[in-house]
K.L.:
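One structure, pasted below without further comment.
Throughout, a chain's letter reflects where its sequence line sits, starting with A, and its residues are numbered from 1. Any value given below was found using the heavy atoms of this structure, including those in side chains, with hydrogens, waters and symmetry copies removed.
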Amino acid sequence: MAQFQSLPGFREFYPDALARRNHVFRGWRRAAHAYGFSEYDAPVLEPLDLYRAKSGDEIEAQLFSFTDKGGREVALRPEMTPTVCRLVGEKANALKRPIKWFSIGEFYRYERMQKGRGRCFFQLNADIFGEPGIEAETELIALLVECLRGFGLGAEDFYVRLSDRNLWFYYLETLGLDEARIGGILGAVDRYEKLGDDAFKDYATQFGPLDDGLKAKVLAFLGIKTLASLEATLSDITTEKLQARLGDWRRLLANLADMGLADFVSVDLGVVRGLAYYTGFVFEAFDRKGDLRALAGGGRYDTLVGKLGYNEMPAVGFGMGDMTFALLLEQRGLLPAVGPATEVYVVIGGAAERSAAFADIAGLRSAGYRVDYPLKEIAFGKQFKAAAESGAKLALIYGGDELAKGVVKLRDLTDRSEHEVPRAAVVEAVRDYFTSGRSA
RNA sequence: GCGGCCAUAGCUCAGUUGGUUAGAGCACAAGAUUGUGAUUCUUGGGGUCGCGGGUUCGAAUCCCGUUGGCCGCCCCA
């Protein structure tokens, strides 16, 4: 049996698996380019402190980290956000705003494997730096939708839940809570969907039991699912901050509606995201059936660039992993069959015909066609079978009869029609076939 | 880090109360078929039954350990 296994949680991509992965990457790239984002890349291995600075020491347990031969503490990147913040922070003064960047890269986390989760995975990251207003959220949520919709998924398949940590913060302030307690409440809100009332246990042990009236208000706020009910809840609270924030909500939702995305976006204040660095709007994409993990998640993080030691820079971004997404596409039957690697298959009679065939194969290949042929002499019947299985639409037949006449026989593998062309005109004939879609 | 289930060919699996040389289908390869893709038939390659130890005259089968996988919890950047 196997002497060497791949490490637990790491993936190997055989050709058909890689074809599916590339299909996903192509779709993401197409969407990001269409939205005016530029692609960048960065190191896979980073100083451990880059992640400590952001999230604290306890994160280290989930990192692939080690000491390199130079005594440096390093880690495989678990996410892109700190890295892209550094890239932007380093050249902030020279970069034209808004900065719209994306990347597709592999990330590593040392944790237990589960459905839709491994120790390495690919993720699309898209971020906008330098724009403090909801215009950045508009653009990123629209891109997020496009990254899913471009594969044939519709509003019946997935939706984006939109929430706002600022709104929560301002609202709880008006209820008389201090910053520490607000943090405790947000932690409970984050887990409420999963744990129910138990979600408030941590808060109770830290600050004492939550007042029933207060808890009712938190649960009511958490259950808000429309802009109308949000407006109703806040109608009697006239704090300037809160009303201004409500204005942001109206404009953001109006923008998204103007883009035709109303069906894809739901107000849902039950989402707050656990991550410490989010500072404003947060959003997550889920499949409608709800039996998969989050497809994507993101939000505003205006303070992170500053925390890494650079000048403050407003930022919004999201990440979207390949594993859960591939599961969804598979469930909906939207993963394409592996595309043919071959366009033209050359059938060769024998040793004498081979040299003529090789010359024309070289010509076709340099003209840009994907051409394949049997490496060894095999029976014609087998060659045609191989031609069909290669996915090629066209076969070129180099047999003794043809060469004697100075022609090549073209066989349309889809309708089995054949005709002959002079050898000198082979490249031309193949080009005609693929541009007209016919062999004649 | 914790718990449950599982591990036999490339894949899906069978393998009786422990008993001769561990099987099938699919896939792969060769031939029937030396100029046309199907079907069919024949044949072949491929296994230290995840690994290590124990019980036994004898272990794929029973026991222990270990590694790996799936699922749930935790976590989710």
Side-chain angles (χ1 to χ4, degrees), chain A residues 1-12 14 16 46 50-56 58-65 75-85 105 107-119 121 123 125 127 187 190-191 194-195 198 202 272-278 282 284 291 293-299 301 304 317-321 323-324 345 347-353 374 376-404 409-418:
Chain A
M1 213 48 192
Q3 290 283 325
F4 300 102
Q5 300 181 317
S6 65
L7 289 167
F10 283 81
R11 296 184 289 167
E12 293 165 313
Y14 284 82
D16 53 347
E46 291 277 19
L50 182 63
Y51 305 108
R52 278 191 182 140
K54 199 196 75 181
S55 314
E58 72 280 3
I59 283 301
E60 209 176 322
Q62 289 170 2
L63 289 172
F64 272 97
S65 61
L76 288 167
R77 61 186 180 191
E79 59 164 334
M80 192 54 115
T81 308
T83 300
V84 70
C85 284
F107 300 89
Y108 308 86
R109 299 177 190 177
Y110 196 91
E111 54 188 341
R112 185 70 75 202
M113 292 181 53
Q114 275 174 50
K115 189 179 183 183
R117 163 153 294 188
R119 285 184 175 179
F121 54 92
Q123 198 175 64
N125 277 264
D127 297 88
D190 188 33
R191 295 159 186 234
K194 223 181 205 173
L195 301 181
D198 285 352
D202 281 359
V272 294
R273 291 185 67 73
L275 256 177
Y277 59 64
Y278 287 115
V282 290
E284 295 184 334
D291 50 17
R293 292 164 185 281
L295 290 161
Y301 50 100
L304 186 54
F318 73 85
M320 180 166 163
M323 293 182 74
T324 302
Y345 196 93
V347 173
I348 303 170
E353 292 81 19
K376 290 180 181 166
E377 272 189 51
I378 54 176
F380 265 64
K382 295 241 184 271
Q383 295 195 53
F384 283 105
K385 193 177 177 189
E389 286 169 354
S390 77
K393 288 196 163 51
L394 189 64
L396 302 185
I397 301 164
Y398 287 77
D401 300 345
E402 285 81 6
L403 282 201
K409 191 181 278 178
L410 271 66
R411 179 179 175 85
D412 185 329
L413 291 167
T414 57
D415 66 10
R416 305 188 177 199
S417 63
E418 295 182 340

K.L.:
Holding to side chain to side chain donor-acceptor pair (under 3.5 Å), I want the full list of residues that pass it with A/E111, two or more places apart in sequence or in another chain.
P.N.:
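Here no residue qualifies.
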K.L.:
In whole Å, what is the span from the CZ atom of A/R109 to the C1' atom of B/G1?
P.N.:
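Going from CZ in A/R109 over to C1' in B/G1 covers 18 Å.
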K.L.:
Within this structure, what is the CD-to-P distance between A/E111 and B/C76, rounded to whole angstrom?
P.N.:
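Atom-to-atom, A/E111 to B/C76, this comes out as 10 Å.
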K.L.:
How close do A/G319 and A/N125 get, heavy atom to heavy atom, and via which atoms?
P.N.:
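For A/G319 versus A/N125, the nearest heavy atoms are CA-OD1, 4.2 Å.
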K.L.:
Of the nucleotides B/A38, B/A77, B/U36, which has the atom closest to the A/R411 side chain?
P.N.:
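Per side-chain heavy atoms of A/R411, the pick is B/U36.
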K.L.:
Can you tell me how far P in B/G10 sits from the matching atom in B/G18, rounded to whole Å?
P.N.:
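Between the two P atoms, the distance is 28 Å.
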K.L.:
Please state the P separation for the pair B/G3 and B/C64 - nearest whole angstrom.
P.N.:
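Result for the P pair: 16 Å, nearest Å.
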K.L.:
To the nearest 0.5 Å, what is the distance between CG on A/L396 and CD on A/E402?
P.N.:
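So the gap between those two atoms works out to 11.0 Å.
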K.L.:
Taking for each residue the nucleotide of RNA chain B bearing the nearest heavy atom, is the 5' side occupied by A/Y108 or by A/A387?
P.N.:
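Taking each residue's closest nucleotide, the earlier one in sequence belongs to A/A387.
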K.L.:
Nearest whole angstrom, please: distance from the P of B/U36 to the CG of A/L396.
P.N.:
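So the two atoms are 18 Å apart, to the nearest Å.
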K.L.:
Using the C1' atom as the reference point in each nucleotide, state the distance between B/U40 and B/C6 in Å, no decimals.
P.N.:
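Approximately 39 Å lies between the C1' atom of B/U40 and that of B/C6.
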K.L.:
Can you check the A/E284 CD to B/A77 C1' distance for me, whole Å?
P.N.:
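So the CD-C1' distance, A/E284 to B/A77, works out to 13 Å.
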K.L.:
Take atom CG of A/L413 and atom P of B/A38, then tell me their distance rounded to the nearest Å.
P.N.:
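In whole Å, B/A38 P and A/L413 CG are 12 Å from each other.
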K.L.:
Which atoms of nucleotides 29-35 of chain B (N or O only) lie under 3.5 Å from a protein N or O atom, and what are those distances?
P.N.:
from, atom 1, to, atom 2, distance (Å)
B/G35, O6, A/G400, N, 3.0
B/G35, O6, A/D401, N, 2.9
B/G35, O6, A/E402, OE1, 3.2
B/G35, N1, A/E402, OE1, 2.8
B/G35, N1, A/E402, OE2, 3.0
B/G35, N2, A/E402, OE2, 2.6
B/G35, N2, A/K409, NZ, 3.3

K.L.:
Going by ring-ring contact (aromatic ring centres under 6.0 Å, His included), name the residues that satisfy it together with A/F380, two or more places apart in sequence or in a different chain.
P.N.:
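None.
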K.L.:
Quick one: list whatever passes ring-ring contact (aromatic ring centres under 6.0 Å, His included) with A/Y345, sequence neighbours left out.
P.N.:
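Residues passing ring-ring contact (aromatic ring centres under 6.0 Å, His included) with A/Y345: none at all.
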K.L.:
Would you please name every residue forming a side chain to side chain donor-acceptor pair (under 3.5 Å) with A/R293, sequence neighbours left out?
P.N.:
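Applying side chain to side chain donor-acceptor pair (under 3.5 Å) to A/R293 gives A/Q114.
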K.L.:
Measuring only the P atom in each nucleotide, how far is B/G19 from B/C63? A whole number of Å is fine.
P.N.:
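The answer is 15 Å between these two P atoms.
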K.L.:
Is A/R119 positioned over the aromatic face of A/F10, cation under 6.0 angstrom from the ring centre and no more than 45 degrees off axis?
P.N.:
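Not flagged: A/R119 not positioned over aromatic ring of A/F10.
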K.L.:
Using the P atom as the reference point in each nucleotide, state the distance between B/G44 and B/C26 in Å, no decimals.
P.N.:
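Approximately 16 Å lies between the P atom of B/G44 and that of B/C26.
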K.L.:
Which dot-bracket string fits RNA chain B when only Watson-Crick or G-U wobble pairs with both atom distances under 3.5 Å count, crossing pairs get [ ], and | stands for a partner on a different strand?
P.N.:
(((((((..((((.....[...)))).(((((.......))))).....(((((..]....))))))))))))....
K.L.:
A/G299 near the nucleic acid: base, sugar-phosphate alone, or nothing, with a heavy-atom cut-off under 4.0 Å?
P.N.:
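Since no nucleic acid heavy atom lies under 4.0 Å of A/G299, the category is nothing.
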K.L.:
For A/L394 and B/G37, what is the distance between atoms CG and P respectively, to the nearest whole Å?
P.N.:
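In whole Å, B/G37 P and A/L394 CG are 17 Å from each other.
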K.L.:
OP1 or OP2 of B/C75 versus the side-chain N and O atoms of A/R191: is any pair under 4.0 Å?
P.N.:
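Yes, such a contact exists.
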K.L.:
What nucleotide among B/G37, B/A77, B/C76 has an atom nearest to a side-chain atom of A/Q62?
P.N.:
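When the side chain of A/Q62 is considered, B/A77 is the closest of B/G37, B/A77, B/C76.
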K.L.:
Between B/U39 and B/C49, how many Å separate the two C1' atoms, rounded to a whole number?
P.N.:
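To the nearest whole Å, 36 Å.
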K.L.:
Among residues at least two apart in sequence or on other chains, which ones pass side chain to side chain contact (heavy atoms under 4.5 Å, CB included) with A/E284?
P.N.:
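For A/E284, the residues satisfying side chain to side chain contact (heavy atoms under 4.5 Å, CB included) (neighbours in sequence not counted) are A/V271, A/R273, A/F286.
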K.L.:
Which residues pass the side chain to side chain donor-acceptor pair (under 3.5 Å) test with A/R191, not counting sequence neighbours?
P.N.:
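By the side chain to side chain donor-acceptor pair (under 3.5 Å) rule, A/R191 matches no residue at all.
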K.L.:
Using atom CG of A/L7 as one end and atom P of B/U67 as the other, report the distance to the nearest whole Å.
P.N.:
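A/L7 atom CG is separated from B/U67 atom P by 14 Å.
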K.L.:
One thing to verify: whether A/K409 and A/E418 come together as a salt bridge, which I'm taking to mean a side-chain N less than 4.0 angstrom from a carboxylate O.
P.N.:
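Counted as a salt bridge, because a side-chain N and a carboxylate O are separated by less than 4.0 Å.
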K.L.:
Just the rounded figure in Å: distance from C1' of B/G69 to CZ of A/R119.
P.N.:
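Distance check: A/R119 CZ to B/G69 C1' gives 12 Å.
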K.L.:
What integer number of Å spans the P atoms of B/G65 and B/G72?
P.N.:
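Roughly 26 Å separates the two P atoms.
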K.L.:
So, using side chain to side chain donor-acceptor pair (under 3.5 Å) as the criterion, who are the partners of A/T324 when residues are at least two apart?
P.N.:
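With sequence neighbours excluded, A/T324 shows a side chain to side chain donor-acceptor pair (under 3.5 Å) to no residue whatsoever.
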K.L.:
Between B/U42 and B/U33, how far apart are the C1' atoms? Round to whole Å, please.
P.N.:
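To the nearest whole Å, 13 Å.
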K.L.:
Please tell me which of A/K385 and A/F10 maps to the more 5' nucleotide of RNA chain B, matching each residue to the nucleotide holding its nearest heavy atom.
P.N.:
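Final value for this comparison: A/K385.
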